*Asks:* 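The following block contains the structure, expressed as structure tokens.
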Protein chains: 2
Amino acid sequence: MTVHYQGTPEALQALDAYVKLSRAVNALEARLSERHAYGGLTASQFGVLEALYHLGPLCQGELSAKLLKSGGNLTLVVDNLVRLGLVERERDTGDRRRVMVTLTEAGRERITELFPLHVQDIVTEFSVLSPEEQATLASLCRKLGKAGQ
Amino acid sequence: MTVHYQGTPEALQALDAYVKLSRAVNALEARLSERHAYGGLTASQFGVLEALYHLGPLCQGELSAKLLKSGGNLTLVVDNLVRLGLVERERDTGDRRRVMVTLTEAGRERITELFPLHVQDIVTEFSVLSPEEQATLASLCRKLGKAGQ
DNA sequence: TGTTATTATTTCAACATTGAAATATACGAT
DNA sequence: ATCGTATATTTCAATGTTGAAATAATAACA
């Protein structure tokens, strides 16, 4: 149990906040995957379907930016969704470098069915916090997420 | 831009908090990796070294529990750390099912050098929040992390 | 003491993730 | 129109991640 780090109070507090933040998100994601929240899809596949559902057709670069994932990753995730018959690829006629990704009818049905269940699971998880606490958490996370600019 | 989900105010608030929480952690981790924070190690490798540094020798099952990762995953991450010469495996003499993982001298030097830099990067990131805000964030995350019991 | 159940680790297939190199297309300046 | 630069995607190798099956060792107990 030797604790090797003797930091300033500021450092210890930041470290404590960081550890609790990381663990909370890890634990939350683990619980959401254990349930039906993603309905047999991976979190990444679900994320792509959800983005297309809410924003309409997007090219892979836009998906990459929305989901904070690399371009190479998007290629694979979209490959797998195409194989599952949930999305389609087609070259952008205006700019043939881009590949537009659109929901198939099956994909739209799937995400339409899954999304409300996903939201319900999130509501359940967040019900340990009051509405005020949820608003505070969102506000603090917004500040923190933008810290790097 | 069609928004398909018309939820209750409670659902919209929980969803908003969830999205901001996820994005904040993703963005934060991305910025920490871009810097020297892990010193050429992956986040997983760094996590194992850090746990051994603070807690002393652990078996893989204990590392798995601490880091919220699967057993199969720990086998691989420890494999890679052994190959890098930063940790050693040895069978527990008392319970030969267990594999104890210990820091090598090189591993100890590495994490001793890296950890303070890691903390400094975290302090910098969290400096956009006041001490009170950091404490509030930690408290809310602690509640949320335990939500699933 | 055998038998059975439990626990710890490894192995494996599938998918995720990144970063860098390769390819293809578009754009800007001359 | 051409050349050079910038952008979008794909490919690839390395690592991470999980869950399930296989192995090995321990523990419980009739």
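In what follows, chains carry the letters A, B, and so on, assigned in the order in which the sequence lines appear, proteins first and then strands, with residues in each chain numbered from 1. These figures come from a predicted structure and were not determined experimentally.
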*Asks:* Identify all pairs in which a protein N or O lies below 3.5 Å from an N or O of nucleotides 2-5 of chain D, and state each distance.
*Replies:*
none

*Asks:* Where the side chain of A:Glu88 meets the backbone of A:Thr104, is there a donor-acceptor pair that is under 3.5 Å apart?
*Replies:* no

*Asks:* Is the shortest side-chain N/O distance from B:Arg83 to OP1 or OP2 of D:dT15 below 4.0 Å?
*Replies:* yes

*Asks:* What is the distance from atom CG of A:Leu49 to atom NE2 of A:His54, rounded to the nearest 0.5 Å?
*Replies:* 11.5 Å

*Asks:* Mind checking what makes side chain to side chain donor-acceptor pair (under 3.5 Å) contact with B:Arg97, not counting sequence neighbours?
*Replies:* B:Asp95

*Asks:* Need one value for B:Ser44: base, sugar-phosphate or nothing, where a base atom within 4.0 Å counts as base even if backbone is also close, heavy atoms only.
*Replies:* sugar-phosphate

*Asks:* Can you check whether B:Asn80 has a side-chain N or O nearer than 4.0 Å to OP1 or OP2 of D:dA14?
*Replies:* no

*Asks:* Contact list please: residues 89-99 of chain B against DNA chain D, heavy atoms, distance less than 4.0 Å, in numerical order.
*Replies:* B:Asp95, B:Arg96, B:Arg97

*Asks:* So A:Asn73 and A:Leu67, side-chain contact (heavy atoms from CB on, under 4.5 Å) or not? Walk me through it.
*Replies:* CA-CA 11 Å; A:Asn73 184 29; A:Leu67 303 172; over 6 Å; no

*Asks:* Could you pull out all residues at least two apart from B:Lys20 that satisfy side chain to side chain donor-acceptor pair (under 3.5 Å)?
*Replies:* B:Asp16

*Asks:* Sequence neighbours excluded, which residues qualify as side chain to side chain donor-acceptor pair (under 3.5 Å) partners of A:Asn26?
*Replies:* none

*Asks:* Under a 4.0 Å heavy-atom cut-off, which of residues 66-74 of chain A touch DNA chain C?
*Replies:* A:Leu68, A:Lys69, A:Ser70, A:Gly72, A:Asn73

*Asks:* Could you tell me whether a side-chain N or O of A:Glu62 sits under 3.5 Å from a main-chain N or O of A:Cys59, the two making a donor and an acceptor?
*Replies:* yes

*Asks:* Can you pull the salt bridge (charged side-chain N to carboxylate O under 4.0 Å, His left out) pairs that have at least one residue in residues 112-122 of chain A, sequence neighbours excluded?
*Replies:* A:Arg35-A:Asp121

*Asks:* List in chain and number order the residues that pass side chain to side chain donor-acceptor pair (under 3.5 Å) with B:Asn80, two or more places apart in sequence or in another chain; answer none if no residue qualifies.
*Replies:* B:Arg83

*Asks:* Would A:Glu125 and B:Tyr18 count as a side-chain contact (heavy atoms from CB on, under 4.5 Å) if you check the C-alpha gap in whole Å, the side-chain angles of each, and the deciding distance to 0.1 Å?
*Replies:* CA-CA 10 Å; A:Glu125 288 289 342; B:Tyr18 172 72; over 6 Å; no

*Asks:* Taking any heavy-atom pair under 4.0 Å as a contact, classify A:Thr42: base, sugar-phosphate, or nothing.
*Replies:* sugar-phosphate

*Asks:* Classify the angle between the aromatic ring planes of B:His118 and B:Tyr38 as parallel (below 30°), tilted (30 to 60°) or perpendicular (above 60°).
*Replies:* tilted

*Asks:* Between atom CD in B:Gln60 and atom P in D:dA25, what is the gap in whole Å?
*Replies:* 16 Å

*Asks:* Name the first nucleotide and the last nucleotide along DNA chain C (5' to 3') that come under 4.0 Å of a heavy atom in chain B.
*Replies:* C:dT6 to C:dT11

*Asks:* For the pair made of CG in A:Asp79 and C1' in D:dC12, what is the distance, rounded to whole Å?
*Replies:* 14 Å

*Asks:* Give the intermediate values and the outcome of side-chain contact (heavy atoms from CB on, under 4.5 Å) for residues A:Leu28 and B:Leu21.
*Replies:* CA-CA 10 Å; A:Leu28 187 56; B:Leu21 180 65; 4.0 Å; yes

*Asks:* Would you list the pairs meeting salt bridge (charged side-chain N to carboxylate O under 4.0 Å, His left out) in which at least one residue belongs to residues 127-139 of chain A, sequence neighbours left out?
*Replies:* A:Glu133-B:Lys143

*Asks:* So how far off straight is the helix from C:dT1-D:dA30 to C:dT30-D:dA1, going by the axes through five pairs at either end, to 10°?
*Replies:* 20°

*Asks:* Could you give the CG-to-C1' distance, from A:Leu76 to D:dA13, as a whole number of Å?
*Replies:* 14 Å

*Asks:* Who are the salt bridge (Lys or Arg N to Asp or Glu O under 4.0 Å) partners of B:Arg89, not counting sequence neighbours?
*Replies:* B:Asp79

*Asks:* Please check: side-chain N/O of B:Arg31 versus main-chain N/O of A:Gly145, any donor-acceptor pairing under 3.5 Å?
*Replies:* yes

*Asks:* How far apart are the C-alpha atoms of B:Lys66 and B:Leu63, what are their side-chain angles, what is the distance that settles it, and do they pass the side-chain contact (heavy atoms from CB on, under 4.5 Å) test?
*Replies:* CA-CA 5 Å; B:Lys66 292 282 175 201; B:Leu63 284 168; 5.6 Å; no

